Structures are given as structure tokens and as C-alpha cells.
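A short write-up of the structure that comes next.
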Protein chains: 2
Amino acid sequence: METYRTPLDAAFHALSDPTRRAIINRLMTSPAPVKELAEPFSMGLPGFLKHLRVLEDSGLIATEKAGRVRTCRVRIERLAEAETWLSEQRALWQARTDRLANYVETQMSGNEDED
Amino acid sequence: METYRTPLDAAFHALSDPTRRAIINRLMTSPAPVKELAEPFSMGLPGFLKHLRVLEDSGLIATEKAGRVRTCRVRIERLAEAETWLSEQRALWQARTDRLANYVETQMSGNEDED
DNA sequence: ACAATTGTTCACCGTATGGCAAACTAATGT
DNA sequence: ACATTAGTTTGCCATACGGTGAACAATTGT
């Protein structure tokens with residue numbers, strides 16, 4: 001079903017849906033079975049299961065079935081990858097504003113009364 | 001075009017495509033005109049412009065046209081929102097593992113020779 | 001054995017996505 | 001004036017997405 005190329009593609013895609021973010025949010029506190037996870041949402045189980053599959057295919061969660069109950073838990077590593085990408089970007093931004101601040105500073109010490 | 005509900009939906013969706021992440025990555029260092037941004041990619045301009053629109057609609061970038069050149073720059077706030085959501089989730093996870101560690105510890109001090 | 005609980009599969013639907021090619025507009029260089 | 005550059009619009013396409021209802025397992029409680 002998921003044709004996503006890289007893990008990051010899949011992770012960000014999975015996070016782009018509010019239902020799925022809510023699921024992640026819930027699972028951060030503790031693992032839970034499918035039924036309990038589904039309860040807060042108005043949609044039917046089939047639709048809900050699709051969301052779970054998107055999450056599982058993305059690696060953001062893992063599931064395991066015991067008896068008739070499938071228990072879901074978060075895989076924090078994948079979430080960390082997304083976080084890492086974002087913080088790398090912010091590092092680039094930081095480097096840039098640092099350069100800019102530095103430039104402004106050298107300019108000002110050159111002509112202190114400039115506008 | 002974008003029917004996205006919340007800013008977070010739109011931001012994560014925008015980031016789920018490798019082309020768009022590459023654009024963001026490029027823009028982190030400095031603003032750039034459309035043509036220069038498009039050069040590294042094999043696709044045509046119309047397709048590329050769609051990516052730019054997704055990014056702009058998500059609030060991850062802003063663009064401004066001067067003469068015939070449209071310059072694009074990152075809007076760091078929106079990226080920060082995504083980062084914030086992720087770190088909130090990790091805080092929940094952290095709280096959980098802390099609780100768990102605490103529990104294990106109290107158990108061990110109760111029966112120190114247990115397996 | 002039987003019913004209830006829990007999950008799964010299937011076929012379907014309307015809309016969005018990611019791409020293309022072609023035609024077009026607007027600003028700039030010569 | 002004319003050609004070039006830079007971007008835009010339009011129409012099209014195949015596939016993916018988010019949801020539905022109906023039928024079908026498989027486990028568990030009584």
C-alpha cells in the first residue's frame with residue numbers, strides 16, 4: 001500500500017494526519033490494544049486500521065498480536081529520525097543568522113554612526 | 001489546492017516529499033529564486049512550482065516577486081512548530097521511561113537478590 | 001456448543017497528489 | 001522592436017489517500 005521511498009518520507013507522511021498524530025500521542029504514554037486506541041475516534045475500524053498500517057509501515061509504531069488482541073507501541077527511533085532532520089535544518093538556519101550577526105557587527109564597528 | 005486543516009498537518013505533509021525537503025534544506029542557507037531552486041531537479045518547472053506552492057501553503061516558506069524573479073525564503077516559525085510537536089512527544093516518552101526506571105528501582109530495593 | 005469480542009479483508013467512492021506537455025504572460029537584455 | 005529569460009496557467013493522467021459498508025476470521029467467556 002505504501003509506496004514511500006525513504007523512511008523520512010514515510011514518517012513525515014504518517015505524521016501529517018491528525019488522527020495518526022493523536023494515536024502517536026496516546027501511545028507515547030503506554031502501549032495499547034487496537035480497540036482502545038480506536039475508541040476516541042468517530043470512524044469505523046477498517047478506516048482506523050488503515051491509519052495504524054500507515055504508522056506501522058512508516059516504522060513509527062510496532063504491533064504484536066496475542067490471542068485476539070493486537071497491541072501497539074511506539075518505536076521512538078523513527079520519531080527521533082524526524083526530529084533529527086528538523087534540528088539539522090535549524091542548525092543551518094542558526095549558522096546563517098550567526099554569519100549575518102557577525103557581518104552586521106563588523107560593519108557597525110567600521111562606521112558606528114551609520115543608520 | 002491544499003485542503004489541509006491544521007498548520008501542523010500541512011507542515012508535515014509538505015515535509016513528506018524528498019524534493020520539498022531538499023528545497024527547504026537549500027533555503028535554510030539563504031533565500032533563492034525559483035529557477036536556481038529548480039535546477040538540481042530533473043522535473044519540469046510546472047511540477048516544481050507545485051512543490052513550491054505546497055511549501056508556501058504550508059507556511060514553511062514565503063515568496064516574493066520582484067520584476068520577473070520570485071525569491072523564496074524559509075519561514076522558520078512553522079518549522080519550529082513541527083519540531084515542537086515532536087519534542088513534546090519525546091517528553092511524554094521520557095516521562096514514561098522515568099516512571100519505569102523509578103518502578104524498577106523501588107522493586108530492586110525491596111528484594112535485592114531477585115533475578 | 002454458542003455468542004460475543006476483536007480484528008481483518010474486500011470492494012468501492014470521491015478527492016488529492018505528483019507529474020507531464022503546451023500555450024501563455026511579463027520583465028529584461030541588445 | 002525583438003529575442004530571451006523567468007515564471008504561470010491550463011488540461012491531462014495514473015496513482016495514492018481517507019473513508020465507507022458488508023462479509024469474514026479467530027479467540028474467549030458462559
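This structure is a prediction, so every number in the text was calculated from the model and none was measured. Each chain gets a letter, A, B and so on, in the order the sequences are listed, and its residues count up from 1.
B/Glu56 and B/Arg53 are not joined by a salt bridge, as no carboxylate oxygen comes within less than 4.0 angstrom of a charged side-chain nitrogen. B/Arg26 and B/Glu36 are joined by a salt bridge, as a carboxylate oxygen and a charged side-chain nitrogen come within less than 4.0 angstrom of each other. Salt bridge present: B/Glu83 and A/Arg90 bring a charged side-chain N and a carboxylate O closer than 4.0 Å.
With rounding to whole Å, B/Leu37 atom CG is found 16 Å from D/dT5 atom C1'. One interatomic measurement links the two molecules: NZ of B/Lys35 to P of D/dT4, which rounds to 14 Å at whole-angstrom precision. Whole-Å rounding puts the B/Asp9 CG to C/dT17 C1' distance at 16 Å. Note: CZ (A/Arg20) to P (D/dC17) measures 8 Å, nearest angstrom. Rounded to whole Å, the distance from CG on B/Leu52 to P on D/dT9 is 13 Å. As a whole-Å value, the separation of A/Leu49 CG from C/dT8 P is 6 Å. As rounded to whole Å, 14 Å separates atom P of D/dA26 from atom CZ of A/Arg70. Taking atom CG of A/Asp57 as the reference point, atom P of D/dG18 lies 12 Å away to the nearest angstrom.
The side chain of B/Arg53 contributes no N or O atom lying less than 4.0 Å from OP1 or OP2 of D/dT8.
By the 6.0 Å and 45° rule, A/Arg96 stacks over the aromatic ring of A/Trp93.
Here the closest non-hydrogen pair linking A/Ala32 and A/Leu27 is N-CD2, 3.7 Å.
With sequence neighbours excluded, the residues satisfying side-chain hydrogen bond (donor to acceptor under 3.5 Å, both in side chains) with B/Arg75 are B/Glu77.
Using a 4.5 Å heavy-atom threshold, the side chains of A/Met28 and A/Leu79 count as touching. Counting only heavy atoms from C-beta outward, the side chains of B/Leu45 and B/Val34 approach each other to under 4.5 Å.
In the set C/dG7, D/dG18, C/dT17, D/dG18 carries the atom at the smallest distance from any side-chain atom of A/His13.
Fit an axis to the five pairs at each end of the helix from C/dA1-D/dT30 to C/dT30-D/dA1 and the two axes sit 20° apart, to the nearest 10 degrees.
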Any chance you could list the contact pattern along nucleotides 19-30 of chain C? Use B for base contacts, S for sugar-phosphate-only contacts and - for none, protein heavy atoms under 4.0 Å, 5' to 3'. BSBB----BS--
